[in-house]
Trainee: 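I'd like to ask some things about the structure below.
No hydrogens, no waters, no symmetry mates; every other heavy atom, side chains included, goes into these values. Counting starts at 1 for both ligands and their atoms, in listed order.
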Amino acid sequence: MNNIINKQRRTLLKYAGITAATAGICPNLLFAMDSSKGNRHASANFHPDVEIELTQQTAQISIMPGAKTRIWKITGKVLKGSQATVQNLPGTYLGPTLHLHKGQKVRIYLRNKLPAQSILHWHGLHVPADMDGNPMYAIGSGETYVYEFEVLNRAGTYWYHAHTHGLTAKQVYSGLAGLFIVSDDEEQALGLPGGEYDIPIVIQDRSFDKRNQLAYSNHMMQRMQGFLGNHILINGQPDFVLPVATRAYRLRLLNGSNSRIYKLAWDDGTPITVIGVDGGLLERPEKYPYVMLAPAERREIWVDFSGRDIGSELTMRSVSFASSSHGMMGGGMMGGRRGGMMGGGRMGGRGGMMGGMMSGSAVPLGSDYPVLKIRVDRKTGDNDSLPHRLTPINQLQINNAVNAGSPRRITLSMRHMSALLNGRSYKMNDVKADEIIPVNTLQLMEFDNGFHRGMHGMMAMPHPMHLHGEQFQIVKRQVNSRGTSTYKTVSAGFVDNGWKDTVLVMPGEKVTILKPFNDFKGMFMYHCHNLEHEDMGMMRDFLIK
Ligand code: C2O
Ligand code: CU
Ligand code: CU
């Protein structure tokens with residue numbers, strides 16, 4: 001095993017043309033990486049402002065009433081710097097929320113005490129290739145990986161999660177994920193709601209068996225569609241109710257689900273005010289009737305409860321949409337089956353907000369169900385007002401792309417038991433000529449989900465496409481005639497302004513983006529963030545050189 005890893009690492013170094021000098025790491029370190037058992041050690045010439053330790057281990061916690069649930073838990077500890085950097089979350093499987101400021105240099109000791117290989121990836125962060133948690137850096141049980149990087153990103157709601165070859169879906173599902181919140185001076189000067197009025201909302205679905213254990217099935221239907229659970233959890237908790245005061249809040253929504261896509265709307269018809277997306281704040285607030293939230297995407301929203309009565313409630317629901325134009329997978333068929341399942345299921349057994357959903361079977365994708373319940377429970381006099389302008393965004397220009405006339409096309413397809421990018425399945429260290437990108441270039445790219453070739457039967461599915469490294473911008477969306485009816489059920493909820501690292505590509509759609517590849521050479525992944533698709537092979541590496 002270790003031999004394989006070391007061989008892969010040597011191959012990578014050869015491929016990437018990385019020398020100790022270009023990678024910006026000391027020769028000792030390179031030697032250590034190549035000869036140790038997957039450990040990466042601290043480097044003597046990196047001087048961290050903050051040092052933290054993240055330990056991954058098995059644990060048991062109470063999630064559902066009754067028996068405890070076995071989970072995989074990350075716990076954090078500050079070794080140097082402010083204690084506020086790491087906020088452990090005891091009652092949930094979620095890892096600690098990390099709070100960092102732009103410009104801080106951070107060293108993270110990842111200690112793997114799980115009975116499995118693992119590695120963590122900093123989703124949305126612009127870090128060097130060997131700090132990015134590529135699966136080739138997975139460490140075994142008992143090993144430590146030391147990350148060292150400067151936080152270059154602007155303020156925003158980023159996150160981290162396991163990225164282990166073939167096991168990402170299961171490991172994230174078991175608990176290996178958490179938030180990575182970055183602040184900066186520009187954002188702080190805006191005076192947005194802070195402290196207890198700035199609340200992360202991590203939305204995930206899980207299934208529990210009769211003994212309250214996390215259930216995860218590997219059968220083909222589930223892998224093709226992606227995992228869909230029977231409970232919606234907020235910050236790792238079922239039946240979550242958020243108590244609020246009569247004032248404005250900043251809610252940071254992350255879809256941390258393996259595959260579930262949400263179409264979020266307030267149940268009283270209030271528009272959703274979006275102030276930020278994956279890569280931080282927008283230029284100005286934007287109002288939507290509903291917002292789409294695909295796996296790994298973030299939306300920061302502003303919601304003001306002033307003027308609402310004490311005791312009143314507001315619910316964010318996921319409202320119905322179509323996810324496949326053929327009705328073979330997703331919305332259509334699953335929606336149709338719902339009634340039957342509910343008849344025979346253990347309905348309402350657990351009561352509370354999810355009581356109306358069946359507890360035995362999956363909540364169908366694209367059906368209508370509550371996600372987040374909010375209760376106004378106290379009065380407060382102070383409030384913040386929504387700024388008209390948030391933060392300026394440097395608009396990328398197509399003319400500045402090195403390939404302005406010939407976008408790099410990435411076709412998305414599913415066939416038998418595989419999910420493919422440009423017809424290829426994931427393989428470690430398998431960079432093809434069209435996957436080599438010169439460093440410090442701006443690239444025009446398009447994700448083609450059947451726009452050119454037309455769709456084939458049940459294989460047309462939505463894919464949330466993610467690129468590692470720097471954030472990108474969405475240039476345009478086009479949909480073909482076969483995808484139009486599906487598309488119309490979701491398109492008013494795309495928030496396409498601002499900086500993005502994940503974009504939902506619907507069946508029959510082509511999405512064009514501008515993606516910068518600055519500063520760092522080496523391997524950076526691109527993949528579908530439906531984690532079952534990712535593990536089925538819908539993932540590749542770009543080699544930046
Ligand atoms: Cu959030 Cu490569 O992933
Ligand atoms: Cu990522
Ligand atoms: Cu996919």
Trainee: Could you verify whether a donor N or O on one side chain and an acceptor N or O on the other, from Y109 and E51, lie under 3.5 Å apart?
Mentor: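 Y109 vs E51: donor-acceptor pair found between side chains.
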Trainee: Can you count the protein N/O/S atoms lying under 2.8 Å from atom 1 (Cu) of ligand 1, leaving waters out?
Mentor: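 There are 3 of them.
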Trainee: Can you tell which of H163, H161, H529 makes a ring-ring contact (aromatic ring centres under 6.0 Å, His included) with H466?
Mentor: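 Among H163, H161, H529, the one meeting ring-ring contact (aromatic ring centres under 6.0 Å, His included) with H466 is H529.
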Trainee: Rounded to the nearest 0.5 Å, what separates atom NZ in K102 from atom CD in E186?
Mentor: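 Those atoms lie 7.5 Å apart.
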Trainee: Quick one: do the Y262 and E297 side chains pair a donor with an acceptor below 3.5 Å?
Mentor: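 No donor-acceptor contact under 3.5 Å links the two side chains.
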Trainee: Using the ring of each side chain (for Trp, its six-membered ring), is H463 parallel, tilted or perpendicular to H533, with breaks at 30° and 60°?
Mentor: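 Tilted.
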Trainee: Using a strict cut-off of 2.8 Å, how many protein N/O/S atoms surround the Cu ion (ligand 2)?
Mentor: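 That number is 2, waters not included.
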Trainee: Consider only side-chain N and O atoms of S217 and Q222, and report whether a donor and an acceptor are under 3.5 Å apart.
Mentor: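 Their side chains do contain a donor-acceptor pair, which is all the 3.5 Å distance test asks for.
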Trainee: Can we call the ring centroids of Y526 and F524 under 6.0 Å apart?
Mentor: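 Aromatic pair excluded; centres sit 6.0 Å or further apart.
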Trainee: Hey, does the Lys NZ or Arg CZ of R477 hover above the aromatic six-ring of F494, less than 6.0 Å from the centre and inside 45° of the axis?
Mentor: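 Verdict for F494: a cation-pi partner in R477.
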Trainee: Take a 6.0 Å sphere around NZ of K170 and say whether it holds more than 12 heavy atoms from other residues, nucleotides or ligands.
Mentor: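 Check fails, neighbour count at 12 or below.
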